[in-house]
Peer 1: 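Take a look at the following structure, please.
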Amino acid sequence: MNHPDLCIAGAGIIGLSIALELYGRGYRVAVFDRGAPLAESSTAAAGMLAAHDPDNPPQLLTLANLSLSLYTEFLDRVRALSGINIPFQTHTTLQSISPHTIPANTELTHEDLTRLLPALTPGNHRFILLDEHSLDPRQLASALLTAIGATTIDLRLHTPVLSARSIGDEVEITIPNGIIHTAQFINCAGAWAASASRLPNIPVMPKKGQMFSVPLPSSLPLHFVVRTPDIYIVPRTIGPSAGRAIVGATVEDVGFDKTVHSVDIDRLRFLASSLLPAIGHAPQLEAWSGLRPATPDGLPLLGLIPGQPNHFIASGHYRNGILLAPAAAQVIAQLIAGETPSIDLSPYSPARSLSLIPSP
Ligand SMILES: Cc1cc2nc3c(=O)[nH]c(=O)nc-3n(C[C@H](O)[C@H](O)[C@H](O)COP(=O)(O)OP(=O)(O)OC[C@H]3O[C@@H](n4cnc5c(N)ncnc54)[C@H](O)[C@@H]3O)c2cc1C
């Protein structure tokens, strides 16, 4: 494609979901990634659609609810293009909650917990049940890539965007072998968003998360997510990873280092086995890490970068990018098309970046 209508930096779930939405609206889209597609945070994730996690900032809920309302349609679109079905792996989450915030009459009794999950050792945790789904991000990634391949979206891999700046009514983007002028540009470079636009007012930084997976012992048939503020255990129930559980995750400020440390994995295993002792003896299948794109207030940046006409950003989805992808795609496409977005985007406005950056 020689003349895309718009260019996107970053082929993670956010960039590719936006590309698919814009393609559906008739735009000619090019996506640049500095490496392979969906090889960073989007396939390191556990895949919980945790809109009601009590640890989320309250202002995230509107965007999260919009995304939940769009999720089935999003998966249907991916299936229609790819021929691949992406099933939900779980439909319920057993959530530990502080006694001060527990909604009336929702706390599970000891008998409830024993009936639901006899192997659970709840300790001091108080649990409620959340109506929440999870999916396998690796299944989603492979279906999404196949879907992209069935479109005219121009996916250019191993092509980093080195800078982007607005000039007149265009955006000039620099890639290693030249300069491209595009009518509109969207920075979806995840934890690397600041370096893709090379602008000072993009407060996105990496927060490392390490995780591991185990085969679930036959004594522990787990069909829902177990989550506390410190640890989550996410079973895979359908597909090639069925019978495994994903255990995560650390939250670390260590820059772009993705090294997996056995001491950290051991700590996660200790926390998981204090809830489900059988996890303590299960052999480790895999361990990995990813870099969540985080902002200082935990909310994403969705919209035009201040002072940069036609230069959009969709990053900073932190712990919830798998959940938020359909909503991010819809609202960014609405902004690009000059439509009124489905929800008030002011809590996620990049204009707040200026107040988020600490002064030197
Ligand atoms: C351990 C862990 C567990 C998680 N669990 C969940 C969960 O259960 N539920 C949930 O909703 N979310 C979860 N997340 C968060 C979720 O994974 C992220 O919010 C989401 O993947 C962010 O997607 P993204 O497309 O913005 O970033 P990424 O997937 O990181 O993609 C960014 C892309 O940009 C590319 N790029 C970087 N620089 C450039 C450049 N200069 N030019 C071109 N391309 C560039 C990268 O190569 C990469 O492909 C988890 C994350 C981690 C790490």
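In what follows, residues are counted from 1 in the order of the sequence shown. Scope of the values below: all heavy atoms of this structure, side chains included, with no hydrogens, waters or symmetry mates. Every number for a ligand or one of its atoms is a count from 1 in the order of the listing.
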Peer 1: Tell me, which protein residue and heavy-atom name are nearest atom 27 (O) of ligand 1, and how many Å apart are they?
Peer 2: G190 CA, 3.7 Å

Peer 1: So for ligand 1, is G47 a polar contact partner (N or O within less than 3.5 Å, distance only)?
Peer 2: yes

Peer 1: Just to be sure I'm reading this right: ignoring hydrogens, which of F32, Y318, Y232, W192 gets closest to atom 3 (C) of ligand 1? Compare them by their nearest heavy atoms.
Peer 2: Y232

Peer 1: Under a plain distance cut-off of 3.5 Å, with no hydrogens placed, do D264 and T250 share a side-chain donor-acceptor pair?
Peer 2: no

Peer 1: Looking at ligand 1, is there an atom of it that comes within less than 4.0 Å of some heavy atom belonging to A191?
Peer 2: no

Peer 1: Is it true that S346 and D344 share a donor-acceptor pair across their side chains at a distance under 3.5 Å?
Peer 2: yes

Peer 1: List every atom of ligand 1 that sits less than 4.0 Å from any heavy atom of I14, numbering the atoms from 1 in the order shown and giving each element.
Peer 2: 23 (O), 24 (P), 25 (O), 26 (O)

Peer 1: So, Q89 side chain and T237 main chain: donor-acceptor pair closer than 3.5 Å or not?
Peer 2: yes

Peer 1: Give a yes or no on whether the backbone of L275 and the side-chain of T121 come within a donor-acceptor separation of less than 3.5 Å.
Peer 2: yes

Peer 1: List ligand 1 atoms under 4.0 Å from P160, heavy atoms only on the residue side.
Peer 2: 42 (N)

Peer 1: Checking a contact table here: which protein heavy atom is nearest atom 21 (O) of ligand 1, and how many Å away?
Peer 2: S42 OG, 2.9 Å

Peer 1: Using a strict cut-off of 4.0 Å, indicate which atoms of ligand 1 neighbour a heavy atom of G209.
Peer 2: 1 (C)

Peer 1: Using a 3.5 Å distance criterion without hydrogens, assess whether the side chain of Y348 forms a donor-acceptor pair with backbone atoms of Q59.
Peer 2: yes

Peer 1: Could you go through the salt bridge (Lys or Arg N to Asp or Glu O under 4.0 Å) check for E286 and R138 one step at a time?
Peer 2: CA-CA 14 Å; E286 275 183 84; R138 294 181 188 179; 3.1 Å; yes

Peer 1: Under 4.0 Å from any heavy atom of I13, which atoms of ligand 1 are there?
Peer 2: 23 (O), 25 (O)

Peer 1: Which of the atoms of ligand 1 are close to R319, meaning less than 4.0 Å from one of its heavy atoms?
Peer 2: 6 (C), 7 (C), 9 (N), 10 (C), 11 (O), 12 (N), 13 (C), 14 (N), 15 (C)

Peer 1: Can you confirm whether L63 sits close enough to L302 that some side-chain heavy atom of one is under 4.5 Å from a side-chain heavy atom of the other?
Peer 2: yes

Peer 1: Determine, for D266 against R269, whether the closest basic-nitrogen to carboxylate-oxygen distance falls under 4.0 angstrom.
Peer 2: no

Peer 1: Quick check on contacts: which atoms of ligand 1 are under 4.0 angstrom from a heavy atom of G290?
Peer 2: 53 (C)

Peer 1: Non-hydrogen atoms of G248 versus ligand 1: any pair closer than 4.0 Å?
Peer 2: no

Peer 1: Is there a polar contact, in the sense of an N or O pair closer than 3.5 Å, between A196 and ligand 1?
Peer 2: no

Peer 1: Which residue holds the protein heavy atom closest to atom 5 (N) of ligand 1, what is that atom called, and what is the gap in Å?
Peer 2: A46 N, 3.1 Å

Peer 1: Compute the shortest N/O to N/O distance between A314 and ligand 1 and return yes if it is under 3.5 Å, no if not.
Peer 2: no

Peer 1: Do the side chain of S42 and the main chain of L38 share a donor and acceptor less than 3.5 angstrom apart?
Peer 2: no

Peer 1: For W288 and ligand 1, answer yes if some heavy atom of the residue is under 4.0 Å from a ligand atom, otherwise no.
Peer 2: no

Peer 1: Quick one: ring-ring contact (aromatic ring centres under 6.0 Å, His included) partners of Y27, sequence neighbours excluded?
Peer 2: none

Peer 1: Between ligand 1 and M48, is the shortest N or O to N or O distance under 3.5 Å?
Peer 2: yes

Peer 1: Per the side-chain contact (heavy atoms from CB on, under 4.5 Å) rule, which among I14, D33, L16, V31 passes with C188?
Peer 2: I14

Peer 1: In the protein, which heavy atom is nearest to atom 20 (C) of ligand 1, and how far is it?
Peer 2: G321 CA, 3.7 Å

Peer 1: At what distance is the nearest protein heavy atom to atom 50 (C) of ligand 1, and which residue and atom is it?
Peer 2: A45 CB, 3.5 Å

Peer 1: For atom 44 (N) of ligand 1, what's the nearest protein heavy atom and its distance?
Peer 2: R34 N, 3.2 Å

Peer 1: Should L38 be counted as touching ligand 1, given the test is an N or O pair under 3.5 Å?
Peer 2: no

Peer 1: Quick check: does S41 get an N/O under 3.5 Å from an N/O on ligand 1?
Peer 2: yes

Peer 1: Using distance alone, decide if ligand 1 has a nitrogen or oxygen within less than 3.5 Å of any nitrogen or oxygen in A39.
Peer 2: no

Peer 1: For ligand 1, which atoms sit closer than 4.0 Å to a heavy atom of H317?
Peer 2: 19 (O)

Peer 1: At what distance, to the nearest 0.5 angstrom, does CD1 of I305 lie from CD1 of I313?
Peer 2: 4.5 Å

Peer 1: Mark up the atoms of ligand 1 that fall under 4.0 Å of a heavy atom belonging to G12, in ascending order.
Peer 2: 25 (O), 29 (O), 31 (O), 33 (C)

Peer 1: Tell me if a side-chain donor or acceptor on S273 pairs with a main-chain N or O of L276 at a distance below 3.5 Å.
Peer 2: no

Peer 1: I'd like to know if the side chain of R126 reaches the main chain of S98, judged simply by a donor and an acceptor atom lying under 3.5 Å from each other, with no hydrogens or angles considered.
Peer 2: no

Peer 1: If hydrogens are left out, which of V161, D33, D53 has an atom nearest to atom 35 (C) of ligand 1, that is, the closest non-hydrogen atom?
Peer 2: D33

Peer 1: Counting only N and O atoms by type, is there a donor-acceptor contact under 3.5 Å from the side chain of S163 to the main-chain atoms of R198?
Peer 2: no

